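Predicted, not measured: the structure shown is a model, and the values here were computed from it.
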Amino acid sequence: MRWLAKIIHDCDRLKFCYGVKIAESLKDSSLQIKALNSLGRTYSQQRQFEAAITYYQQSLNIAQKLENRREEARAFFSASFKCGSIGI
């Protein structure tokens, strides 16, 4: 069953990577934030916390530029929680 979970996560990762690229091409920052957060969650579920933090940080940077406090808080919380998981 582990292999099935890995396949599902790999499919999710590809889907959200394409989502980020589409959002970038459309210049849709809100969609980009959502796709980056989804990538962070996907990596977190696979216990790849450093990769997850990278995507949460990208989401945080965009949210800060937009002054979107809700998304900023969400990304900051998610990243900080994952930092705790790896002992940072």
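- The shortest heavy-atom contact between A52 and S44 is CB-OG, 3.3 Å.
- In terms of modelled atom types and a separation under 3.5 Å, the side chain of Y56 and the main chain of R41 share a donor-acceptor contact.
- Residues Y43 and F49 keep their aromatic ring centres 6.0 Å or farther apart.
- For the atom pair N37 CG and K34 NZ, the distance stands at 10.0 Å (nearest 0.5 Å).
- Here the side chain of S59 pairs no donor or acceptor atom with the backbone of Y55 at under 3.5 angstrom.
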Side-chain donor-acceptor pairs of residues 61-68 under 3.5 Å, sequence neighbours excluded:
unit_1: N61; atom_1: OD1; unit_2: Q57; atom_2: NE2; d: 2.9
unit_1: N61; atom_1: ND2; unit_2: Q57; atom_2: O; d: 3.4
unit_1: N68; atom_1: OD1; unit_2: R70; atom_2: N; d: 3.3
unit_1: N68; atom_1: OD1; unit_2: E71; atom_2: N; d: 3.1

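- Rounding to the nearest 0.5 Å places CG of L36 at 12.0 Å from OG of S78.
- Note that CD of Q48 is 10.5 Å distant from OG1 of T42, once rounded to the nearest 0.5 Å.
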